[in-house]
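Input: a single structure, listed below in structure tokens.
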Amino acid sequence: MDDVNKRIILYLMRDYRYSQRKIAKELNISPPAVNYRVERMTKDLIIKRVALYVNPNFYGKYHGYVAFPNTRDWDGEYVFKVKCIEHVNVYEIEAESKEGLKTKISEMSAKLGEPTMVYIPEQTPYNPSTFDLRLLSVLKENPTMTPVELSERLKVSSKTVRRHLRYLYKKEFIRLVPIVDLDKSGVIMYAVFTNKVEIAKKFFHSTLFREVSDKDAGVFVNIGNSIQEVWDKVSKFREFDPKADLMIAQSYDVA
């Protein structure tokens, strides 16, 4: 895995919509070279697939995060899962209400033991339009469909599709997530759980993969180039929050 491939993956993981032309410009190589490398990494299963992550709030549901010792896996439903080298699995789960989340955590605890972390952020469920539901239904079949392809499938203008997609991405209701073999790629995914939310927003801005936060606390999932880089970054952040928890991913998946 050479440095150029690694940097391409870093761009794609932070925002899969980042164009190959822009990546080529950043890396000072040609767009066809970027395309060839992405195709090769996909063929070699370094990039396993591209998944569509949908925030449960979009469907009018609530979501939360819970970590358990990974001596056993949860075989029930989840939205997002991260297996960490610290011998824990972190699950994003959903339910119709906050009480429903607590009930689900109790069900998981009965099988997996006591959770090592529970975080249910403040959130406001959304009431999606019929068109948005149709749009996501089609997009789930092939997350990398272009607006033109989506417009042809839905029998509407590409302008309408682009407008709705912009809104859904802006509200962070959806995200394209490349599922990368972290071991093969050499890329480090790590999460920091902290109550210094405003500081973390600025501190992790350049490395951020995903953020879930409210005024009281937040989970900041980041992408790093090496263990040393991650350790240096987190050590500096702990000058602001000595109690910040660090979790390093071994693998991850979107249900």
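- Taking a cutoff of 4.0 Å between a charged side-chain nitrogen and a carboxylate oxygen, Arg17 and Asp15 qualify as a salt bridge.
- In this structure, Val177 and Val50 have side chains that are not in contact, with every pair of non-hydrogen atoms separated by 4.5 Å or more.
- One finds no salt bridge joining Lys83 and Asp73 here, because no Lys/Arg side-chain nitrogen approaches an Asp/Glu carboxylate oxygen to under 4.0 Å.
- Transitive grouping of hydrophobic side chains (ILVMFWY, heavy atoms separated by less than 4.5 Å) keeps Ile93 and Leu52 in distinct clusters.
- Both Tyr16 and Val138 sit in one connected hydrophobic cluster of ILVMFWY residues. Membership requires side-chain heavy atoms under 4.5 Å apart, directly or through other members.
- Atom NZ in Lys196 sits 14.5 Å away from atom CZ in Arg238 (nearest 0.5 Å).
- Looking at Met117 and Phe68, their side chains never come closer than 4.5 Å, going by heavy atoms from C-beta outward.
- Cluster annotation: Phe58 is not connected to Tyr62 through the hydrophobic network of ILVMFWY side chains, with a link wherever side-chain heavy atoms come within less than 4.5 Å.
- Counting heavy atoms from C-beta on, the side chains of Asn195 and Asp216 never come closer than 4.5 Å.
- In this structure, the side chain of Tyr91 engages the main chain of Trp74 through a donor-acceptor pair within 3.5 Å.
- In this structure, Val88 and Asn70 have side chains that are not in contact, with every pair of non-hydrogen atoms separated by 4.5 Å or more.
- A distance-only check finds a donor-acceptor pair linking the side chain of Glu86 to the backbone of Ile248 [under 3.5 Å].
- In this structure, a donor-acceptor pair under 3.5 Å is present between the side chains of Asp132 and Ser129.
- By the 4.0 Å N-to-carboxylate-O rule, Lys102 lies close enough to Glu99 to be salt-bridged with it.
- Taking CE of Met189 as the reference point, atom CE of Met13 lies at 3.5 Å (rounded to 0.5 Å).
- Ring orientation note: the planes of His63 and Tyr65 are nearly perpendicular, at an angle over 60° on the 30°/60° scale.
- Using modelled atom types and a 3.5 Å distance limit, the side chains of Glu211 and Ser213 yield a donor-acceptor pair.
- Minimum heavy-atom separation, Ser226 to Ile188: C-CG1, 3.7 Å.
- Side-chain contact between Pro69 and Thr116 is present, with heavy atoms from C-beta onward closer than 4.5 Å.
- Classification of the Phe80-Phe209 ring pair by plane angle, with boundaries at 30° and 60°, yields tilted.
- Residue-environment remark: CH2 (Trp231) stays at or below the threshold of 12 foreign heavy atoms within 6.0 Å.
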**OP:** Check the pair Asn142 / Thr144 against side-chain hydrogen bond (donor to acceptor under 3.5 Å, both in side chains), numbers first and verdict last.
**Re:** CA-CA 6 Å; Asn142 180 3; Thr144 59; 2.9 Å; yes

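- Of the N and O atoms on the side chains of Thr42 and Asp44, not one donor lies less than 3.5 Å from an acceptor on the other residue.
- Under the 3.5 Å distance criterion, the side-chain polar atoms of Asp241 are left unmatched by any main-chain donor or acceptor of Glu239.
- Taking OG1 of Thr207 as the start and CG of Asn225 as the end, the distance is 11.5 Å to the nearest 0.5 Å.
- Between Ala24 and Ser30, the shortest heavy-atom distance links the atoms CB-C, 3.7 Å.
- Listed by first and then second residue, the ring pair (Phe, Tyr, Trp, His ring centres under 6.0 Å) pairs involving residues 92-119 are Tyr119-Phe193 (not counting sequence neighbours).
- Across every non-hydrogen atom of Pro143 and Leu176, the tightest pair is O-CD2, 3.3 Å.
- We find the CD-CG distance between Glu39 and Asn35 to be 4.0 Å, quoted to the nearest 0.5 Å.
- Proximity of Val38 to Gln20: side-chain heavy atoms (C-beta onward) are separated by under 4.5 Å at one or more points.
- Residues Val230 and Gly224 approach most closely at CG2-CA, 4.2 Å, considering heavy atoms.
- Of the charged side-chain nitrogens involved, none lies within less than 4.0 Å of a carboxylate oxygen, so that Arg7 and Asp2 do not count as a salt-bridged pair.
- Atom-to-atom distance recorded for Ile9:CD1 and Ile47:CD1 is 5.0 Å, nearest 0.5 angstrom.
- Between Phe237 and Ala244, the shortest heavy-atom distance links the atoms CE2-CB, 3.8 Å.
- Identified under the side chain to side chain donor-acceptor pair (under 3.5 Å) test for residues 165-191, with sequence neighbours left out: none.
- The local environment of CZ in Arg21 is sparse, with at most 12 non-hydrogen atoms from other residues, nucleotides or ligands closer than 6.0 Å.
- A salt bridge links Lys111 to Asp75: at least one charged side-chain nitrogen sits closer than 4.0 Å to a carboxylate oxygen.
- Counting only distance, with no hydrogens or angles, the side chain of Lys140 and the backbone of Ala51 share no donor-acceptor pair below 3.5 Å.
- Between the side chain of Tyr53 and the backbone N or O of Phe173 there is no donor-acceptor pair closer than 3.5 Å.
- No cation-pi contact links Lys22 to Tyr11, judged by a cut-off of 6.0 Å to the six-membered ring centre and 45° from its axis.
- Atom CD1 of Ile223 sits about 7.0 Å away from atom CG of Leu10, to the nearest 0.5 Å.
- With a 4.5 Å cut-off on side-chain heavy atoms, Leu135 and Leu150 count as touching.
- With a 4.5 Å cut-off on side-chain heavy atoms, Leu165 and Leu139 count as touching.
- Taking 4.0 Å as the cut-off between side-chain N and carboxylate O, Arg210 and Glu92 count as a salt-bridged pair.
- With hydrogens and angles left out, the side-chain atoms of Ser109 and Ser106 include no donor and acceptor closer than 3.5 Å.
- Closest non-hydrogen pair, Gln123 versus Pro121, comes out as NE2-O, 2.8 Å.
- Few gaps surround CD on Glu229; more than 12 heavy atoms of other groups in view lie less than 6.0 Å from it.
- Note on residues 24-49: no pairs pass ring pair (Phe, Tyr, Trp, His ring centres under 6.0 Å), not counting sequence neighbours.
- Looking at Lys6, its side chain does come within 3.5 Å of a backbone N or O of Gly186 through a donor-acceptor pair.
- Within 6.0 Å of the CG atom in Asp3, the count of heavy atoms belonging to other residues, nucleotides or ligands exceeds 12.
- Residues Leu182 and Val192 do not share a hydrophobic cluster, clusters being chains of Ile/Leu/Val/Met/Phe/Trp/Tyr side chains in contact below 4.5 Å.
- Electrostatic pairing of Glu122 and Lys215 does not count as a salt bridge here, judged by no charged N lying under 4.0 Å from a carboxylate O.
- In this structure, Met247 is not a member of the same hydrophobic cluster as Ile85, with clusters built from ILVMFWY side-chain heavy atoms closer than 4.5 Å.
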